[in-house]
Number of protein chains: 2
Amino acid sequence: MVANTQLTISELIRSRYSDLTRKERKFADTLMANYPVAGLASITEVAANANISTPTVLRTAKKLGFKGFPGFQAALRKELKQTLANPIVKHERWANAAPEEHILNQFAIATMENLSSSLRQIDHHTFDKVSELLADENRKIAIVGGRLSHSVADYLATHLQVLRDDVTLLSSSPSRWPHHLLNLSKGDVLVLFDVRRYEANLSDLAKLAEQRGIKIVLFTDQWMSPVSTRAAHTLAVRIEVPSGWDSAVVTLFIVEALVAAVETHRWPQTRARMKDLEKLFDDTRRFLKKPE
Amino acid sequence: MVANTQLTISELIRSRYSDLTRKERKFADTLMANYPVAGLASITEVAANANISTPTVLRTAKKLGFKGFPGFQAALRKELKQTLANPIVKHERWANAAPEEHILNQFAIATMENLSSSLRQIDHHTFDKVSELLADENRKIAIVGGRLSHSVADYLATHLQVLRDDVTLLSSSPSRWPHHLLNLSKGDVLVLFDVRRYEANLSDLAKLAEQRGIKIVLFTDQWMSPVSTRAAHTLAVRIEVPSGWDSAVVTLFIVEALVAAVETHRWPQTRARMKDLEKLFDDTRRFLKKPE
DNA sequence: AAAATTTTGTAAATAAATTGACAAAGCAAT
DNA sequence: ATTGCTTTGTCAATTTATTTACAAAATTTT
């Protein structure tokens, strides 16, 4: 007999309940009363909690179609994992029903996991501190990224420039970086993006910045760029996806949230500033109908 | 040392994370990525899933203040029992302990919704078609973005350039765009990022491209850029977040998944090419130790 | 009420998990 | 490159869990 993989174990128990003997039902009841955690301890403990003997637990598991207790428990865990997994991925099936293995699905799952576990790790005090730093117009801001993280640095710069003055994006050629630092002084902020493989140039730049008393805000990955020892604040995110390189999605997410936080800090000034800028852009670039 | 019963284990890990060594963090990361189920199997299995040895798992548990692995596990179960009993904390399975209204959490909710609803709308056949187009080395590729989407265009260009030849990122100044089109001919591909407010320049460029028989791949938002009428393939995503502008996170997600798909199509060539490039970059830029 | 049958538990055998001791590998400082 | 220190894994010892075999208890049938 093989366990039906379609049914949850609780459904399985309900459907087979009439086949169970008195003590077996006692075990089933105990499990259902605290489902599924009551089934996740050792067979000894589980039996003790239900006031039955260990062989009875084993026999029940076998009756439900499992080879042994460990198999039963593994099924419980698997089920729990799916239940706890992000409700969005799990429940909201796609209209067009792309197969589970489609790369979009694979990526979605990995990205959701990256996002949720990054959120669990990020300290929101750090986030708040960083957003205050970036909102403080007494500090100049320089932004720099590595080879692959340059676009994210660009994104942050573009958006911050809308919100405040004195925001510079360091060019992508490392040779010119030290030069840029001359414009910064003690108390100014260097935002640095460094994910693996960590670049020595960024490390050097951080050293220089530290010597000048410039505050470093570091975006890195879970393995932590060596720059983190010099950084005033470090925001580490998870970046693993099923491909040959790393994902910048969660980093971009944090960047956007930060920009939104800065926007909130500076709302009065921002409002006026954005109007001005919009006008400016309207003159430079032509826009089409504005939706909504 | 006794485990503080006030803290959840995930909080405990976060607070002691800096005390953990490399492999210990690997365990912590694995646990956090699939919390708390990843910690509920036997120590052997848990270690195997994290690709570390069992003693390392044990040492981590002890470092966190538990007497042994079974004690650690019992704490996880106890916590899980409480979590499952109280639906209010449900959300905290994927957010951290920051208050519900914290902008990080607000953003997380919005972003997850954007991602899932975009996934539901995107036709995976379109996605596959686009990935084939981009993988076809007989077609030249030009990439262009608007004012705010330029960084995403940059990201796509940087990554595609690793995978194949003939990838150009159009500069951010619209006046030079038409010039670039001269390098493209019938059957080549123009990837265009256009989210509200839709830019007239991009629209003009699309018209020109269409006249020359260039295939247009459009990334836009749910309201659809006017370019969509000229596009061979349109990928529309949801972009709303609680801030003054729109989110590029989901767009970047699709871009990354596309790059991964192209990588798969072209694996044999890619492999060699990436090796060459790595070497080239190693000569130009200096990298520090490569993690993992 | 006794016999037959089923259920349940005890206890031993087996298998597996946990832990500890130590050696190898990795890393940092020189 | 060498040394000293830290981290990590291997392997064996120990403990614990799981399973089996069988006997006792309970239940049902006659």
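By convention in this document, chain letters (A, B, ...) are assigned in the order of the sequence lines, proteins followed by strands, and residues within each chain are numbered from 1. Worth saying up front: this structure is predicted, and the values here are computed from it rather than measured.
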Self-check item: Nearest listed nucleotide, side chain of Thr21(B), among dT7(D), dG9(C), dT8(C)
Solution: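 Nearest listed nucleotide: dT7(D).
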Practice problem: Could you work out which one of dA11(C), dT8(D), dG20(C) sits closest to the side chain of Lys23(B)? | Solution: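 When the side chain of Lys23(B) is considered, dT8(D) is the closest of dA11(C), dT8(D), dG20(C).
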Between the protein and nucleotides 14-18 of chain C, list the N/O to N/O atom pairs that are separated by less than 3.5 angstrom.
from: dT18(C); atom 1: OP2; to: Ile43(B); atom 2: N; distance (Å): 2.4

Quiz prompt | Partner of Glu24(B) under salt bridge (Lys or Arg N to Asp or Glu O under 4.0 Å), chosen from Lys62(B), Arg59(B), Lys63(B) | solution =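 It is Lys63(B), the one option of Lys62(B), Arg59(B), Lys63(B) that forms the salt bridge (Lys or Arg N to Asp or Glu O under 4.0 Å) with Glu24(B).
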Can you see if the side chain of [X] gets near the phosphate of [N] - specifically, an N or O under 4.0 Å from OP1 or OP2?
X	N	answer
Lys26(A)	dT7(C)	no
Thr56(A)	dG9(C)	yes
Lys63(A)	dT7(C)	no

Quiz item: Do His124(A) and Asn105(B) have side-chain N/O donor and acceptor atoms under 3.5 Å apart?
Solution: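 Result is no, nothing qualifies.
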Practice problem: Using distance alone, with no hydrogens and no angle criterion, decide if Asp154(B) and Thr158(B) have a side-chain donor and acceptor under 3.5 Å apart. | Solution: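 Per modelled atom types, Asp154(B) and Thr158(B) side chains form a pair under 3.5 Å.
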Self-check item: Check: Ser149(A) side chain, Val152(A) main-chain N or O, donor-acceptor pair, under 3.5 Å
Solution: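 Judged by distance alone, no pair lies under 3.5 Å.
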Quiz item: In degrees rounded to 10°, what angle is found between the helical axes fit to the five outermost pairs at each end of the helix from dA1(C)-dT30(D) to dT30(C)-dA1(D)?
Solution: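 The angle separating the two end axes equals 40°.
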Whole angstroms only, please: what is the [atom1]-[atom2] distance between [X] and [N]?
X	N	atom1	atom2	result
Lys62(A)	dT18(D)	NZ	P	13 Å
Phe66(A)	dT19(D)	CZ	P	13 Å
Arg25(B)	dT7(D)	CZ	P	11 Å
Leu40(A)	dA17(D)	CG	C1'	16 Å
Glu24(A)	dA26(D)	CD	P	17 Å
Asn51(A)	dG9(C)	CG	C1'	13 Å

Heavy-atom distance under 4.5 Å between the side chains of [X] and [Y], does that happen here?
X	Y	value
Asp29(B)	Tyr17(B)	yes
Val57(B)	Phe72(B)	no
Thr60(A)	Ile52(A)	no

Quiz item: What's the spacing between Leu258(A) CG and Leu104(B) CG if we round to 0.5 Å?
Solution: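 Taking CG in Leu258(A) and CG in Leu104(B), the distance rounds to 7.5 Å.
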Quiz item: What about Arg59(B), does its side chain sit under 3.5 Å from the base of dG9(D) through a donor-acceptor pair?
Solution: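 Check passes, donor-acceptor contact within cut-off.
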Exercise. Please report the closest heavy-atom contact between Leu190(A) and Ala209(A), naming both atoms and the distance.
Key: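 Residues Leu190(A) and Ala209(A), closest heavy atoms: CD2-CB, 3.8 Å.
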